[in-house]
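Here the structure comes first, spelled out in structure tokens, and everything after it is commentary.
Predicted model only: the values in this text are computed from it and were never measured.
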Amino acid sequence: MITMSDVFENVMELAKRRGFIWPTSECYGAVAGFIDYGPLGAMMKRRIEDIWRDFYVIREGYYEIECPTIAQEAVFIASGHVAGFADKMCQCPHCKEFLRADHVAEGGGVKNASTMKNQELAAALATCKCLACEEVLGNVEVFGFNLMFKTSIGPDSQRVGYLRPETAQGMFVDFTRLLRFYRDKLPFGAVQIGKSYRNEISPRQGMIRLREFTQAEAEIFVHPDEKNKHPRFHRYADYRMPLLTWGQQQKCEEAVTLSMREAVDKGVIANEYLAYYVALTHEMLVTIGIKPDRLRFRQHLPDERAHYATDCWDAEIHSERFGWVETVGLADRTNYDLNAHAKASGTPMTVFIQYAEPKKVQRRRIIPNMGVLGKQYRNKAKAIFDALAVSTPTADGADVVVDGEKIHIPANLFEVRDEVIDVRGEDIVPHVIEPSYGIDRMCYAVLEQAYDEDTADGEARTVMRFSPKVAPVQVAVFPLMTRDGLDTIADTITRTLHKRGILAEYDDSGAIGRRYRRQDEIGTPFAVTVDYDTKENNTVTLRDRDSMKQVRIAIDKLPETLGALVEGSITFASLE
RNA sequence: GCACCGAUGGUCUAGAGGCAUGACUUAGGCCUUCCAAGCCUAUAGCCCGGGUUCGAUUCCCGGUCGGUGCACCA
């Protein structure tokens, strides 16, 4: 039997050999942080993405949009990525180690290092010691290392563009269009599946940390006061799973198993929305084949949270090689992003919420005598009107300040009108609940957890135990012998299955046992074999990958039965 | 990015300053009535660049990729 420490090597060897995952552009030498999905890997990834779509697009009703992977600089200035996604670095002149300049400075007793300009920080660093070799740094240069790939748009290279470091910003900058599309009502959501790019300093760990990776993100816009009113919360109210809160992590305690209802009521998870997507994520990961005992939900520690998030949970999948790997991040991003884009772009990103009953509001309006004031103050008149509107007049008149100049407006030049008006609603900035999935990490986890070796008839067998829902090839079709017309029958069956949208692979090469093994190794869940009885009674055998058991089944029942097996609506055991 | 280790057909692997091993896989054929059987045949390889040498896949230097440790991972 395999020892677990071999799993990574074994599974990556298989993935390479059988066409799941390849190093990119191998003939020129691969590049770290980039991978190619081979034919089977790309198929499997697509199936995983389609399951994700089932959950978010079909079930939740959050439509998918597709934005460019390159965006103009303004987008990432507003989002904070241009300034905040860069680390201040310096290089130790003695040991050549690259260091986080602000960390070194703070270690050396320098205050406010993180807010200093590069030159200031360099000066402050002169007396600090290198964290690696402990020599005094002396003269060093501080430079920003931004994790975004920078490029230029157009021929003159004047317009700066960045490859997006997350797909999320696309949904934020399209907010007003999305709001209109959803007919101005909260809650609504938009999702995006696509590539994101981060120029990691030192990517490692195979396909766990990539420079180009696929994200599936949902941005769900909710009324800030209604985060505890998810309209479908009842679906997951009784869904139970282990939760590792930050308090438990600090005390090194075990995860506690709670239902989502309990988690929200006890304040373990901040609100219903987050809890709902925590549970949905659990269900989805189990659907693609992640074992529940290798899955946990961990709350971010307060100092680990992004500055905008109020609560954040990670779905972590346990890898034999890498330990607990953050695979999905579920964050309450509040109104941070919409506020940032509204401010930077000048486009209001608010939703008008109508009150059930119009509110009577007492309001004071100050109405200037435009005719007199306009003539008197000419080009200052507009500023005076504005200042007057917010002033507090006395019986004697009002004092306003315009361009530093104090101006007295006599009371006879304006009228103060107190009135009661109907206010029908208010503009609010929605909060954003964001489940963000790392598709590549999900793919790796599926590969690692599917890998198995067992013994069949005394021989070792390598088998990828994929869920039929993610298996790249869904059924194999074999003629027992390549003669007596068995091959033509098998070929016809294959084509019939194709018409049903089932990915069936015909194979007549070599002994039948070898063909079963070959399909086991790529995780094909079912195999149909045409034998001599087929010619007598139009039945074939249907073999189950995991149990290696077979049942006889009529040819004309095949498309329907296999469709149901692949979809998961029936099990093989129910056919026995 | 630093340090250490590694890189040989598709995969795994032996090896030596001068013809590059073996196994599995794959393809074609023979045989074969359900789980990698057997036989015949074929295809296919020394990571890249420079140096030393008559000659380098082998030794040296640099690079790339991979592994491990450090740093980094908004």
Open item on the list: For the P atoms, the ones on B/rA16 and on B/rU52, what distance do you get once it is rounded to whole angstrom?
Closed with: 26 Å

- [ ] For A/Leu486 and B/rC34, give me the distance from atom CG to atom C1', rounded to whole Å.
- [x] 12 Å

TODO: Tell me what A/Ala456 touches on the nucleic acid: a base, only sugar-phosphate, or nothing, going by heavy atoms under 4.0 Å.
DONE: nothing

Open item on the list: Just to be sure I understand the rule, does A/Leu480 reach a base, reach only the sugar-phosphate, or reach nothing, if contact means heavy atoms closer than 4.0 Å?
Closed with: base

- [ ] Identify whether the distance between the nearest side-chain nitrogen and carboxylate oxygen of A/Lys535 and A/Asp484 falls below 4.0 Å.
- [x] no

TODO: May I ask you to decide if A/Glu320's main-chain N or O and A/Glu448's side chain share a donor-acceptor pair within less than 3.5 Å?
DONE: yes

- [ ] Find the distance A/Lys16:NZ to B/rC12:C1' and express it as a whole number of Å.
- [x] 11 Å

TODO: Give one of base, sugar-phosphate or nothing for A/Ser509, where a contact means two heavy atoms less than 4.0 Å apart.
DONE: sugar-phosphate

TODO: Based on the glycosidic angle (syn within 90° of 0, else anti), state the conformation of B/rC39.
DONE: anti

TODO: Please confirm whether the backbone N or O of A/Phe149 pairs with a side-chain atom of A/Arg211, one donor and one acceptor, at under 3.5 Å?
DONE: no

Task: Touch class at under 4.0 angstrom, heavy-atom based, for A/Arg543 against every strand present - done: base

Open item on the list: Would the base of B/rC24 count as contacting A/Arg17 through its side chain, where contact means a donor and an acceptor less than 3.5 Å apart?
Closed with: no

